[in-house]
Protein chains: 2
Amino acid sequence: MRQKKKSELLTEVELEFMTQLWALGEGTVRDVLDQLPEGRNLAYTSAATILKILETKEFVTSKKEGKRHIFTPTLAKDAYQTRSLKDLSAKLFDDTPASLVARLVNDDSLTEEALGQIRALVDRRLKNDTG
Amino acid sequence: MRQKKKSELLTEVELEFMTQLWALGEGTVRDVLDQLPEGRNLAYTSAATILKILETKEFVTSKKEGKRHIFTPTLAKDAYQTRSLKDLSAKLFDDTPASLVARLVNDDSLTEEALGQIRALVDRRLKNDTG
DNA sequence: TTTGAAAAACGAAACTCTTAGTATCTACTC
DNA sequence: GAGTAGATACTAAGAGTTTCGTTTTTCAAA
């Protein structure tokens, strides 16, 4: 009786919407729709459908206020970032975060500045652990 | 007359197959099928279809040898790793690789050892650039 | 040269994802 | 309380993904 393995990852459009909600904190269908970039012409009902799906998948909850729903993420962006990285690491980097970083820092398009920032992050984390 | 932006990313099953091909270097439908993990019971024709799709999408080429096709990746794993990281960075990390690494190194499940490896990688890269 | 096993080609069913039209509901106004 | 504007609910079409059955081809062995 194995639970159908539900994907814990967002689809393309779901991520697009969650990104807006993370930025807004919370919002109605209209709020999210208005937040979408220029040229992204999506029908109101489409946006409503996406948010409904996100609620079904429990990425957001909604409370009713007057006649409209206000949607709030149940999963923080940080947490989803971590989840996505774990997934990518597992699927493409043999579950070895170091090899993921290796690929990242060997990318020529990475700036010197970004590289410096990365080292600072790692150093800080190492200091905190041992301190 | 803009070219319809075709996704340059592999689907779930396509990635599964490319992973086998990357490990094998090259192989037939049978080779890849045999390489799949225990319990992954996939019909021969399914595997053939996936490889055909990968060929259509130009992730692999094939040459005929006797009556069978031998498939070879056209895209190295390294290159696809870079591509995937760029995509994730753009979609979820505001195109800022440092923030991606930040999320990675702040993950509690990351071992001290992995952290050390990561710093070594970054240091080596910084040395090479300035040396 | 027939034939048989393995491979490839073809076609399509089942499913998910994305989008949106139509119908229904809800709260406010007259 | 009837009308209306704006919201939600319902339904579904179209595209892409995953899977595999059936048909056709191909090489080699009898």
Side-chain angles (χ1 to χ4, degrees), chain A residues 2-21 24 26-37 39-72 84 87 91, chain B residues 3-21 24 26-37 39-72 80 84 87 91:
Chain A
R2 186 162 50 80
Q3 170 90 0
K4 171 86 184 305
K5 189 205 66 176
K6 66 164 178 185
S7 168
E8 288 136 355
L9 294 180
L10 297 162
T11 67
E12 193 81 13
V13 176
E14 286 166 4
L15 176 56
E16 181 186 16
F17 273 54
M18 286 302 288
T19 298
Q20 304 311 326
L21 271 187
L24 289 168
E26 60 171 33
T28 63
V29 173
R30 183 65 62 194
D31 293 335
V32 174
L33 197 54
D34 290 347
Q35 181 96 345
L36 292 175
R40 177 71 160 110
N41 292 97
L42 200 58
Y44 179 93
T45 52
S46 304
T49 301
I50 305 290
L51 285 167
K52 171 68 64 61
I53 290 170
L54 284 169
E55 187 169 20
T56 302
K57 294 187 178 177
E58 301 186 352
F59 284 106
V60 306
T61 47
S62 74
K63 60 184 181 234
K64 210 165 180 181
E65 189 163 289
K67 67 176 166 183
R68 56 214 187 318
H69 287 167
I70 297 183
F71 297 89
T72 313
S84 296
D87 177 73
K91 286 200 296 205
Chain B
Q3 171 90 3
K4 170 87 183 308
K5 188 204 69 176
K6 65 164 178 185
S7 168
E8 288 135 355
L9 294 180
L10 298 162
T11 68
E12 192 81 14
V13 175
E14 286 166 4
L15 175 56
E16 181 186 17
F17 272 55
M18 287 301 287
T19 298
Q20 304 313 131
L21 271 186
L24 289 168
E26 61 171 34
T28 64
V29 172
R30 183 64 63 192
D31 293 334
V32 174
L33 196 54
D34 290 347
Q35 182 96 346
L36 293 175
R40 177 71 159 113
N41 293 98
L42 199 59
Y44 178 93
T45 52
S46 303
T49 301
I50 304 291
L51 285 168
K52 169 69 63 63
I53 289 170
L54 283 169
E55 187 168 21
T56 301
K57 294 187 179 177
E58 300 186 353
F59 285 106
V60 306
T61 47
S62 73
K63 61 184 181 232
K64 208 163 181 188
E65 187 163 289
K67 70 174 162 182
R68 58 214 186 315
H69 286 167
I70 298 184
F71 296 91
T72 314
Y80 187 71
S84 296
D87 177 73
K91 285 200 296 206

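Hydrogens, waters and symmetry mates play no part in the numbers below; they use all other heavy atoms, side chains included. Below, read A as the first sequence line, B as the second, and so on, with proteins coming before strands; counting in each chain starts at 1.
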message: Once hydrogens and angles are ignored, does a donor-acceptor distance under 3.5 Å link the base of C:dA20 to the side chain of A:Thr49?
response: yes
Please determine if a side-chain N or O atom of [X] lies less than 4.0 Å away from the OP1 or OP2 oxygen of [N].
{"X": "B:Arg40", "N": "D:dT19", "answer": "yes"}
{"X": "A:Tyr44", "N": "D:dT8", "answer": "yes"}
{"X": "B:Ser46", "N": "D:dT19", "answer": "no"}
{"X": "A:Arg68", "N": "D:dG6", "answer": "no"}
{"X": "B:Thr11", "N": "D:dT18", "answer": "yes"}
{"X": "A:Lys52", "N": "D:dA9", "answer": "yes"}
{"X": "B:Thr45", "N": "D:dC20", "answer": "no"}

query: When you look at A:Leu36 and A:Glu16, which way does the side-chain contact (heavy atoms from CB on, under 4.5 Å) test go after all the steps?
result: CA-CA 9 Å; A:Leu36 292 175; A:Glu16 181 186 16; 3.7 Å; yes
Whole Å only: how far is the [atom1] atom of [X] from the [atom2] atom of [N]?
{"X": "A:Leu9", "N": "C:dT16", "atom1": "CG", "atom2": "C1'", "value": "15 Å"}
{"X": "A:Ile53", "N": "D:dT8", "atom1": "CD1", "atom2": "C1'", "value": "14 Å"}
{"X": "A:Asn41", "N": "C:dA20", "atom1": "CG", "atom2": "P", "value": "9 Å"}
{"X": "A:Lys57", "N": "C:dT16", "atom1": "NZ", "atom2": "P", "value": "10 Å"}
{"X": "B:Glu12", "N": "C:dT16", "atom1": "CD", "atom2": "P", "value": "14 Å"}
{"X": "A:Ile50", "N": "D:dA9", "atom1": "CD1", "atom2": "C1'", "value": "15 Å"}
{"X": "A:Leu54", "N": "C:dT19", "atom1": "CG", "atom2": "P", "value": "13 Å"}
{"X": "B:Arg30", "N": "C:dA5", "atom1": "CZ", "atom2": "C1'", "value": "11 Å"}

What does the list of N/O pairs under 3.5 Å between the protein and nucleotides 24-30 of chain D look like, with a distance for each?
| from | atom 1 | to | atom 2 | distance (Å) |
| --- | --- | --- | --- | --- |
| D:dC27 | OP1 | B:Gly66 | O | 3.3 |

Validation row: B:Lys91, A:Leu10 side chains within 4.5 angstrom (heavy atoms):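 They are not in contact (no side-chain heavy atoms under 4.5 Å apart), so the answer is no.
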query: Quick one: does B:Glu14's side chain get under 4.5 Å of B:Leu9's, heavy atoms only?
result: no
- request: Start with the C-alpha gap between A:Phe59 and A:Ile53, add the side-chain angles, then the distance that decides, and say whether side-chain contact (heavy atoms from CB on, under 4.5 Å) holds.
  value: CA-CA 9 Å; A:Phe59 284 106; A:Ile53 290 170; over 6 Å; no
Test log, rule side-chain contact (heavy atoms from CB on, under 4.5 Å), inputs A:His69 and A:Val29: CA-CA 8 Å; A:His69 287 167; A:Val29 173; over 6 Å; no
message: Set out, in order, the CA-CA distance, both residues' side-chain angles and the distance that settles side-chain contact (heavy atoms from CB on, under 4.5 Å) for B:Phe17 and B:Leu54, then state yes or no.
response: CA-CA 9 Å; B:Phe17 272 55; B:Leu54 283 169; 3.9 Å; yes
task: Report yes or no: do B:Thr28 and B:Asp31 form a side-chain donor-acceptor pair below 3.5 Å?
output: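 Per modelled atom types, B:Thr28 and B:Asp31 side chains form a pair under 3.5 Å.
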query: NA contact type, B:Leu42, heavy-atom cut-off 4.0 Å: base, sugar-phosphate, or nothing?
result: sugar-phosphate
task: Just call it for B:Ala43: base, sugar-phosphate, or nothing, with non-hydrogen atoms closer than 4.0 Å on any strand.
output: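 Sugar-phosphate contact only - B:Ala43 comes under 4.0 Å of backbone atoms but never of a base.
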Backbone N/O of B:Met18 and side chain of B:Tyr80: donor-acceptor pair under 3.5 Å: no
